[in-house]
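So the structure is just underneath, and the comments pick up after that.
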Number of protein chains: 2
Amino acid sequence: MQQVELTKALYRAFFHEWAEQGFAALSLERVAARAGAGKAAIYRRWSGKLQFADEAINTLALKMAAFEDKGSLDADVRAFHLRLRTVLRHPLVRRILPDIHAEAARLSEMKAISERVAQARREEASKIIERSIARGELPQTLDRSVALDFLPSSIYWRMVVIKNTLSADELELHAKGTTAALRALSSSH
Amino acid sequence: MQQVELTKALYRAFFHEWAEQGFAALSLERVAARAGAGKAAIYRRWSGKLQFADEAINTLALKMAAFEDKGSLDADVRAFHLRLRTVLRHPLVRRILPDIHAEAARLSEMKAISERVAQARREEASKIIERSIARGELPQTLDRSVALDFLPSSIYWRMVVIKNTLSADELELHAKGTTAALRALSSSH
DNA sequence: TGTGGTTGAAACGGTACCGTTCCAACCATA
DNA sequence: TATGGTTGGAACGGTACCGTTTCAACCACA
């Protein structure tokens, strides 16, 4: 009977090592040591690093809390950005998420994980777009795919790529710019 | 007298290994083997991985060709996006660039490299913004920092984070949305 | 030609880490 | 209590890789 507490400790250690070393250099021996375990405990649960990562990611609440309807596109975008900023500030997330993206360019299994992470977020983002269309704020002909690019991208760029903080004023500007971008889009097909 | 051709071969090998393995897992022994060299050739030139990376990045033409003035914000943004798409399609760039960003979250020396890479691009991007202000298309009070977030971010998100291609039509929409975002910004200070 | 210095592939000695094995401890069952 | 099975830390045998050393080849200069 595997110990549930040990499995949890292993997941915690795995995330910490992932954040510190990156996936490529992550050592299962160090994960085991960090969790106060031996490697057999890891190999009895997972066949290797990729499966460990895959299932570690699964333990996270990938399903974001549903966004409540704020009543307008502006307000919805602001709320989405605020939450995204909060997520991207987390010390583990802000190191692991870009590492997933980098690794996804090298490893197809990691690409699959990256897509799964993105999918959950995209579903919630889509609701914002669809609600806005239903309210008549955005056109029915909106290119959803490009709209979904605009929704998170400027915040991601600022916090993950440039690695600068985002003040409340800047967050406001980002929401304003993003909303304007969404309004400017319409399908060209 | 160190052989110039060997130094070049080492840089080429380094970039290839970086793209394939990521910086964290990059092995100087493999770089040497790939270049048909021994490790002493590496250690006589560079003290280790970080210095090698630092100087390898320096060998690239970081100074982008200056953007010629296309006459309007729309056209400038379109041209900027087109070039960014081209750059991000390069098989080495699309693997190394996100890896730099991921590593920058772990290693301060890599953060310095990442900032240097970004700086060259930001200078050219700034010129687009300043020209547009000079033409009267954008307000003098524009928040430059947020504007510079919007300029590359949707393309980066699409190509590097989501890892999907960008058609010509979509590129057009991205430029349209980005331009609208820039127009919507004005400083709140 | 002899001398001194530089260069770089191959070898070296040592460590980290891999996946596997060992075996004591524990649990369930007859 | 005895038996069989599971679990997991420690040890194992092997490989990759590190930074350093060796030494043949080469160059420049007197």
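Reminder, nothing fancy here: chain letters follow the sequence lines and each chain counts from 1.
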(request) Quickly work out the B:Leu6 CG to C:dT6 C1' distance and round it to whole Å. (result) 14 Å
(request) Find the distance A:Glu17:CD to C:dA16:P and express it as a whole number of Å. (result) 14 Å
(request) Using the ring-ring contact (aromatic ring centres under 6.0 Å, His included) rule, collect all pairs that involve residues 112-134 of chain A, keeping only residues at least two apart or in two chains. (result) none
(request) Using whole Å, report how far CD of B:Gln3 lies from P of D:dC27. (result) 10 Å
(request) Give one of base, sugar-phosphate or nothing for A:Ala40, where a contact means two heavy atoms less than 4.0 Å apart. (result) base
(request) Return the nearest nucleotide to the side chain of A:Ala41; candidates are D:dG9, C:dC18, C:dG8. (result) D:dG9
(message) I need the CD1-C1' distance between A:Ile42 and C:dT20, as an integer number of Å.
(response) 14 Å
(message) Could you tell me how far apart A:Glu29 (CD) and D:dG9 (P) are, to the nearest whole angstrom?
(response) 13 Å
(request) Please state whether the rings of A:Phe23 and A:Trp18 are parallel, tilted or perpendicular, taking 30° and 60° as the class boundaries. (result) tilted
(request) Take the protein atom CD of B:Gln21 and the nucleotide atom P of D:dC18, then report the distance between them rounded to whole Å. (result) 11 Å
(request) For residues 129-142 of chain B, pull every pair meeting salt bridge (charged side-chain N to carboxylate O under 4.0 Å, His left out), keeping only residues two or more places apart or in separate chains. (result) B:Asp69-B:Arg131, B:Asp69-B:Arg135, B:Asp76-B:Arg131, B:Asp76-B:Arg135, B:Glu130-B:Arg144, B:Arg135-B:Glu137
(request) Could you tell me whether the side chain of A:Arg95 and the main chain of A:Pro91 form a donor-acceptor pair under 3.5 Å? (result) yes
(request) Not counting sequence neighbours, list each pair that qualifies as a ring-ring contact (aromatic ring centres under 6.0 Å, His included) and has a residue in residues 97-151 of chain B. (result) A:His174-B:Phe150, B:His101-B:Tyr156
(message) Under 4.0 Å, heavy atom to any atom of DNA chain C: which of residues 44-55 of chain B qualify?
(response) B:Arg44, B:Arg45
(request) Check whether any side-chain nitrogen or oxygen of A:Ser27 sits under 4.0 Å from OP1 or OP2 of C:dC18, and answer yes or no. (result) yes
(request) Kindly write out the residues that satisfy side-chain contact (heavy atoms from CB on, under 4.5 Å) with A:Arg45, not counting sequence neighbours, or none if the list is empty. (result) A:Gln2, A:Leu6, A:Thr7, A:Leu10, A:Ala41
(request) Name the closest nucleotide to the A:Lys39 side chain, picking from C:dA11, C:dC18, D:dG8. (result) C:dC18
(request) Would you mind reading off the distance between B:Gln2 atom CD and D:dC26 atom C1', rounded to a whole angstrom? (result) 14 Å
(request) Write out all pairs satisfying salt bridge (charged side-chain N to carboxylate O under 4.0 Å, His left out) with one or both partners inside residues 1-24 of chain B, taking only residues at least two apart or from two chains. (result) B:Glu5-B:Lys8, B:Glu17-B:Arg30, B:Glu17-B:Arg34, B:Glu20-B:Arg34
